[in-house]
Amino acid sequence: MRKKSVAVLDIRSSEVTAVVGERGVNNTFIIKSKYTCAYDGYAEGKLIDEDGFLAAVNDVVRSTVSACGGLKSFYVGVPGEFTKIVNVDKVVSFQSARKITNADRDYLAGISAPENTDRYQTIKHSCLYYVLSDKRKIIYPVGMVSDSLQGRFCFYQCRNDFIDVLLKAFGKFKDISDINLIPTVYAEAMYLLSAEQRDEYAVLFDLGYISSSYSVVCGNGLAFCESFSVGIGHIAVYLMTELDIPFDVASKFLSMVNLNAKETLNTYEECVCEGKTYRFLTVTLRDKIREGLDGICETLEACRQSFTGKNIDVRTINITGEGVKVIRGTAEHISNRLVKNVEIVSPAVPYYDKPRFSSLLSLLDAALIDAGSVSFLSFFNK
């Protein structure tokens, strides 16, 4: 593998994907290999089937190693379900006004760092913004003159039991010695939202299959993040229960219904599964699906109310993730239900310009930026 290429593992709540890629022209990517494997996912901060997860990771990593020889390291995205966000505000004073140095910035980050515990350890930190003695807020303080430096830091901590599972998964690959952990919520925020959007508080909602994450982004970090075990797959379960139909049938109906279509009383949706035909009024399916989405909207509203650091009532909800495009009209329904502007965001890359690729390309972007600097927590597997 050429030095400028990186290997990335994206862990979603329905599938895992491994890619090897490098930077293309105009900030695009050259994907050299890509392998995906479905598994049972995770919920409430735990893998539903650890053995199934290990098998899925083994499948995609083994395929990647076979396709791209010479792999020594992997970047692994840590889902929001296994990430804890710790915000710390610290200030350091100097005897007199002078130019801020990198050493000052590093010292401030060091005294701000929370201790690792038996359950969590820090895998990355970033600073939302710095404040100088004249009260100016800036993103990069080095070279500025001030007699004090204040920083609003975000520390991303990963569950130790999840790290243990990852090391177990990569333990089968003797040539892969370096595992670098990237908090997925951080990678998505930095990649999907422009610096201008992040200059003020911005909201990013990743709607997944089983698990979703709600983040409030500011500057170069997260001011708030809440992950919850609700996703588009739960609406299929709700449909299955309410209409007494198989899960696979309910999943197919989700993609057949358009919530934005004109309401009609006598149209039907029909699905054939294993030789049996299932037929329901379109209005009935829409009503049930809307009820399921309303549950997600209630969770979003609870997240908004939990964040008290800034009034974000008028902020646009930037929505992404594999759950966005499953049901046509999802974003519009959330917008109408919450009475807020909702905008779908996705990578600005040909073919991969879909919300379901957001985490994958965000992690790839973060890994390519990091390659050589090692700013993410690195484990030596052997």
Less than 6.0 angstrom from the centroid, inside 45 degrees of the normal: does K354 satisfy that with respect to the ring of Y351?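 Yes, K354 sits over the ring of Y351.
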Is the charged tip of K310 near the ring of Y201: under 6.0 Å from the six-membered ring centre and within 45° of its axis?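 No cation-pi geometry.
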Taking all non-hydrogen atoms of both residues, which atom of [X] and which atom of [Y] are closest, and how far apart?
{"X": "A236", "Y": "S251", "answer": "CB-OG, 3.8 Å"}
{"X": "N258", "Y": "R286", "answer": "O-NE, 3.3 Å"}
{"X": "I163", "Y": "C158", "answer": "CG1-SG, 3.6 Å"}
{"X": "D353", "Y": "S346", "answer": "O-OG, 3.4 Å"}

So, do [X] and [Y] sit near enough that their side-chain heavy atoms are less than 4.5 Å apart?
{"X": "Q157", "Y": "N116", "result": "yes"}
{"X": "L361", "Y": "L364", "result": "yes"}
{"X": "N220", "Y": "R198", "result": "yes"}
{"X": "L192", "Y": "S358", "result": "yes"}
{"X": "T184", "Y": "S362", "result": "no"}
{"X": "I344", "Y": "P355", "result": "yes"}
{"X": "S359", "Y": "R12", "result": "yes"}
{"X": "L207", "Y": "T330", "result": "yes"}

N/O donor-acceptor pair under 3.5 Å between [X] side chain and [Y] backbone:
{"X": "R23", "Y": "S5", "value": "no"}
{"X": "H125", "Y": "G110", "value": "no"}
{"X": "S13", "Y": "S211", "value": "yes"}
{"X": "D206", "Y": "S213", "value": "no"}
{"X": "R290", "Y": "L259", "value": "yes"}
{"X": "K174", "Y": "G171", "value": "yes"}
{"X": "S335", "Y": "A331", "value": "no"}
{"X": "S229", "Y": "A43", "value": "no"}
{"X": "N87", "Y": "L222", "value": "yes"}
{"X": "D104", "Y": "T101", "value": "yes"}

Parallel, tilted or perpendicular: rings of [Y] and [X] (30°, 60°):
{"X": "F205", "Y": "F228", "value": "parallel"}
{"X": "F247", "Y": "Y209", "value": "perpendicular"}
{"X": "F357", "Y": "Y352", "value": "perpendicular"}
{"X": "F224", "Y": "Y214", "value": "perpendicular"}

Passes side-chain contact (heavy atoms from CB on, under 4.5 Å), V345 versus L204? Steps please. CA-CA 9 Å; V345 291; L204 179 63; 4.0 Å; yes
Between S133 and D147, does a side chain to side chain donor-acceptor pair (under 3.5 Å) hold up when you go through it step by step? CA-CA 6 Å; S133 54; D147 60 14; 3.2 Å; yes
Who are the salt bridge (Lys or Arg N to Asp or Glu O under 4.0 Å) partners of [X], not counting sequence neighbours?
{"X": "E291", "answer": "none"}
{"X": "D313", "answer": "R304"}
{"X": "R136", "answer": "D134"}

I need the [X] [atom1] to [Y] [atom2] distance, nearest 0.5 Å.
{"X": "K288", "Y": "M240", "atom1": "NZ", "atom2": "CE", "result": "14.0 Å"}
{"X": "S33", "Y": "Y35", "atom1": "OG", "atom2": "OH", "result": "5.5 Å"}
{"X": "L285", "Y": "E242", "atom1": "CG", "atom2": "CD", "result": "12.0 Å"}

Within one Ile-Leu-Val-Met-Phe-Trp-Tyr cluster: [X] and [Y], side-chain cutoff 4.5 Å:
{"X": "L360", "Y": "I232", "answer": "no"}
{"X": "I31", "Y": "V16", "answer": "yes"}
{"X": "I235", "Y": "M256", "answer": "yes"}
{"X": "F170", "Y": "V65", "answer": "yes"}
{"X": "Y268", "Y": "V249", "answer": "no"}

[X], [atom1]: over 12 other non-hydrogen atoms inside 6.0 angstrom:
{"X": "Q305", "atom1": "CD", "value": "yes"}
{"X": "E270", "atom1": "CD", "value": "yes"}
{"X": "N102", "atom1": "CG", "value": "yes"}
{"X": "D164", "atom1": "CG", "value": "yes"}

Tell me whether [X] is salt-bridged to [Y], with the criterion being a basic N under 4.0 Å from an acidic carboxylate O.
{"X": "R119", "Y": "D161", "answer": "no"}
{"X": "K34", "Y": "D10", "answer": "no"}
{"X": "K124", "Y": "D370", "answer": "no"}

Taking only residues two or more places apart in sequence or in another chain, which ones pass side chain to side chain donor-acceptor pair (under 3.5 Å) with T267?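 Side chain to side chain donor-acceptor pair (under 3.5 Å) list for T267, sorted by chain: T264, T282.
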With sequence neighbours left out, what residues match N318 under side chain to side chain donor-acceptor pair (under 3.5 Å)?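 With sequence neighbours excluded, N318 shows a side chain to side chain donor-acceptor pair (under 3.5 Å) to no residue whatsoever.
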Verdict with supporting geometry, Y156 and S126, side chain to side chain donor-acceptor pair (under 3.5 Å): CA-CA 8 Å; Y156 309 85; S126 62; 2.8 Å; yes
Start with the C-alpha distance between T316 and E343, add both sets of side-chain angles, then the distance that settles side chain to side chain donor-acceptor pair (under 3.5 Å), and finish with yes or no. CA-CA 7 Å; T316 294; E343 182 176 339; 5.5 Å; no
Cluster companions of Y130 among Ile, Leu, Val, Met, Phe, Trp, Tyr (side-chain spacing under 4.5 Å):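 Members alongside Y130: V86, V88, V92, F94, I100, Y107, L108, I111, L132, I138, M144, L149, F153, F155.
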Just do the side-chain contact (heavy atoms from CB on, under 4.5 Å) check on Y186 and S215 with the steps written out, would you? CA-CA 9 Å; Y186 164 81; S215 303; over 6 Å; no
Could you walk me through whether V185 and E226 pass side-chain contact (heavy atoms from CB on, under 4.5 Å), step by step? CA-CA 10 Å; V185 289; E226 185 79 27; over 6 Å; no
side-chain contact (heavy atoms from CB on, under 4.5 Å) assessment of F280 paired with V257: CA-CA 11 Å; F280 293 95; V257 172; over 6 Å; no
Test ring-ring contact (aromatic ring centres under 6.0 Å, His included) on Y42 and F162 and set out the steps. CA-CA 11 Å; Y42 45 79; F162 185 67; 7.6 Å; no
